[in-house]
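Letters go in sequence order (proteins before strands), and every chain restarts at 1. The structure displayed is predicted, hence computed values, not measured ones.
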Number of protein chains: 2
Amino acid sequence: MGVSVVILALDGTNRADARPTLRIPLVRRIRQPFLGDWALPGSRLRQGISLEAAASDALLSTTGLDARYLEQLYTFGDPGRSSSGLPMVSIAYWALIDADEAQGVHEARNVQWFPLNALPSIAFDHRRIIDYALDRIRTKIGYTDIAARLVGETFTLSQLRRVYEAILDRTLDPPNFRRSILASGMIKPTGEVLARGRHRPAALYRYAAPGAPLSSPSKRHDGRRHDERHA
Amino acid sequence: MGVSVVILALDGTNRADARPTLRIPLVRRIRQPFLGDWALPGSRLRQGISLEAAASDALLSTTGLDARYLEQLYTFGDPGRSSSGLPMVSIAYWALIDADEAQGVHEARNVQWFPLNALPSIAFDHRRIIDYALDRIRTKIGYTDIAARLVGETFTLSQLRRVYEAILDRTLDPPNFRRSILASGMIKPTGEVLARGRHRPAALYRYAAPGAPLSSPSKRHDGRRHDERHA
DNA sequence: TCAAAAGTGTTACGTGTACACCCATGG
DNA sequence: CCATGGGTGTACACGTAACACTTTTGA
């Protein structure tokens with residue numbers, strides 16, 4: 001009866017010139033089953049602690065950081081094993097953190113970081129959970145402002161684009177990215193610019209309403225009126 | 001530590017002339033908290049029973065039926081209340097059944113059926129769970145063959161369309177529905193027709209591969225070749 | 001012959017994507 | 001003056017929705 005957390009760490013959001021990368025911390029199993037394999041960080045449930053708080057605990061003790069985003073994924077039950085007459089239940093969360101926050105990266109005991117394209121032998125069915133988490137964030141970044149948690153107060157469009165590119169693991173067309181993100185209404189220009197090299201300075205933006213609105217329902221409705229005159 | 005189930009019952013799939021309706025069974029609370037309100041059917045977790053089996057149990061004892069479709073939704077934890085030193089955890093599932101299977105509708109103790117547009121006062125946060133389940137099925141019917149579980153072995157396109165309309169709660173354009181469902185490759189014609197009134201008989205279809213494939217990657221690719229002459 | 005559902009064809013429009021091109025800057 | 005990323009314009013493929021139209025039946 002506990003929680004497991006897929007911790008997706010975006011590394012390199014401070015260095016504004018290159019694409020950040022996604023990495024993930026895993027814990028080496030020190031007992032059977034799956035001894036020696038790598039498992040998701042987790043924590044036991046305790047009285048008075050919410051599920052989400054338990055996930056945050058696991059995150060904090062593994063990385064020393066707080067989540068920029070935390071969301072429940074799925075619950076796994078194993079009817080066989082038990083320690084209390086009940087099935088063994090594990091609730092999986094996924095979290096997004098900004099790895100640049102950590103300086104001395106808090107290399108906890110038995111914890112090691114892996115890039116997503118070079119994962120080791122994974123214990124239990126945790127590999128499926130990781131893939132599920134990746135699906136989720138990649139879908140969700142398309143229609144939410146998760147990325148807001150990973151950029152600074154203000155940012156250029158290429159900084160933001162590189163965050164998207166890291167999460168989606170592919171390059172995005174800068175002109176098209178600009179248009180689609182601006183059309184979503186999620187961000188608005190600050191009016192200031194940022195000079196960062198021997199080229200034209202980039203306009204700075206900020207998220208319109210941090211954590212919420214994407215586009216108002218009325219706006220969305222307007223966007224769908226392409227008939228009415230046919231009547 | 002138990003499961004709750006949002007049971008979505010499609011009623012009227014046999015009567016081929018009218019649109020079926022979605023209804024939902026709820027259980028009246030006979031103790032505090034929320035005494036007198038209506039809650040989702042549920043069941044306790046027991047040793048040796050999987051989460052999904054527990055959900056099936058709740059479904060069977062409430063409706064007397066087996067699920068045509070069953071899927072986990074979300075897990076809720078309440079850090080306060082407890083009976084075992086652990087937080088109280090409830091795993092929500094949603095199920096789809098064919099209400100027409102039940103003749104003497106098994107009116108179990110304290111169970112009552114409600115149409116979705118006239119729900120009573122709901123206990124706990126079960127209202128949110130119901131809405132979440134509705135979102136899920138409406139999204140999922142767009143890219144899976146859930147509907148296959150709700151029509152007979154063979155069916156006409158208008159029978160299938162009415163199932164979609166009931167779940168989506170809106171009318172669909174028959175010509176467009178025909179094209180999109182056929183293009184998906186999920187169903188194929190049987191070659192037979194069904195005469196059902198003073199109008200042209202409808203062709204009968206069946207699901208291509210019950211429960212699985214939507215459309216093979218190669219097939220889907222073929223289906224998208226309607227250009228090439230522009231080159 | 002007529003109402004009604006089955007089924008076909010066509011058009012308008014939005015969206016995603018590729019890519020040509022101009023702009024502004026620092027070296 | 002030129003390489004570089006910032007930023008604009010545009011064209012096309014494709015999917016979706018609206019709707020006019022033809023077909024086939026039973027009454």
Novice: Between A:Arg200 (CZ) and C:dC21 (P), how many Å, whole number?
Specialist: 18 Å
Novice: Side-chain contact, heavy-atom cut-off 4.5 Å: B:Tyr93 with B:Leu51?
Specialist: yes
Novice: In whole angstrom, what separates A:His199's NE2 from D:dG7's C1'?
Specialist: 13 Å
Novice: Flag the pair A:Leu65 / A:Arg68 as yes when at least one side-chain heavy-atom distance between them is below 4.5 Å, and no otherwise.
Specialist: no
Novice: Please report, rounded to the nearest Å, how far the P atom of D:dT24 is from the CG atom of B:Leu194.
Specialist: 17 Å
Novice: Near DNA chain C, under 4.0 Å by heavy atom, which residues of residues 168-180 of chain A?
Specialist: A:Asp173, A:Pro175, A:Asn176, A:Arg179
Novice: What's B:Ser158 touching, base or sugar-phosphate or nothing? Going by heavy atoms closer than 4.0 Å.
Specialist: sugar-phosphate
Novice: Are B:Gln159 and B:Leu194 close enough that some pair of their side-chain heavy atoms sits under 4.5 Å apart?
Specialist: yes
Novice: Can you measure A:Arg161 atom CZ to D:dG5 atom P for me and round it to whole angstrom units?
Specialist: 10 Å
Novice: Below 4.5 Å, heavy atoms only, C-beta onward: do B:Tyr205 and B:Leu182 meet side chain to side chain?
Specialist: yes
Novice: Could you tell me if the side chain of B:Trp113 sits less than 4.5 Å from the side chain of B:Thr63, heavy atoms only?
Specialist: yes
Novice: Just the rounded figure in Å: distance from P of C:dA5 to CG of B:Leu160.
Specialist: 18 Å
Novice: Establish, from distance only, whether the side-chain atoms of B:Asp37 and B:Ser121 form a donor-acceptor pair under 3.5 Å.
Specialist: yes
Novice: Starting from P on D:dG6, measure out to CD1 on A:Ile181 and report it in whole angstrom.
Specialist: 15 Å
Novice: Atom CG of B:Leu204 and atom P of C:dA5: how far apart are they, to the nearest Å?
Specialist: 18 Å
Novice: Checking all strands, does A:Ala203 fall into the base, sugar-phosphate, or nothing category for heavy-atom contacts under 4.0 angstrom?
Specialist: sugar-phosphate
Novice: Could you tell me how far apart B:Tyr205 (OH) and C:dG7 (C1') are, to the nearest whole angstrom?
Specialist: 9 Å
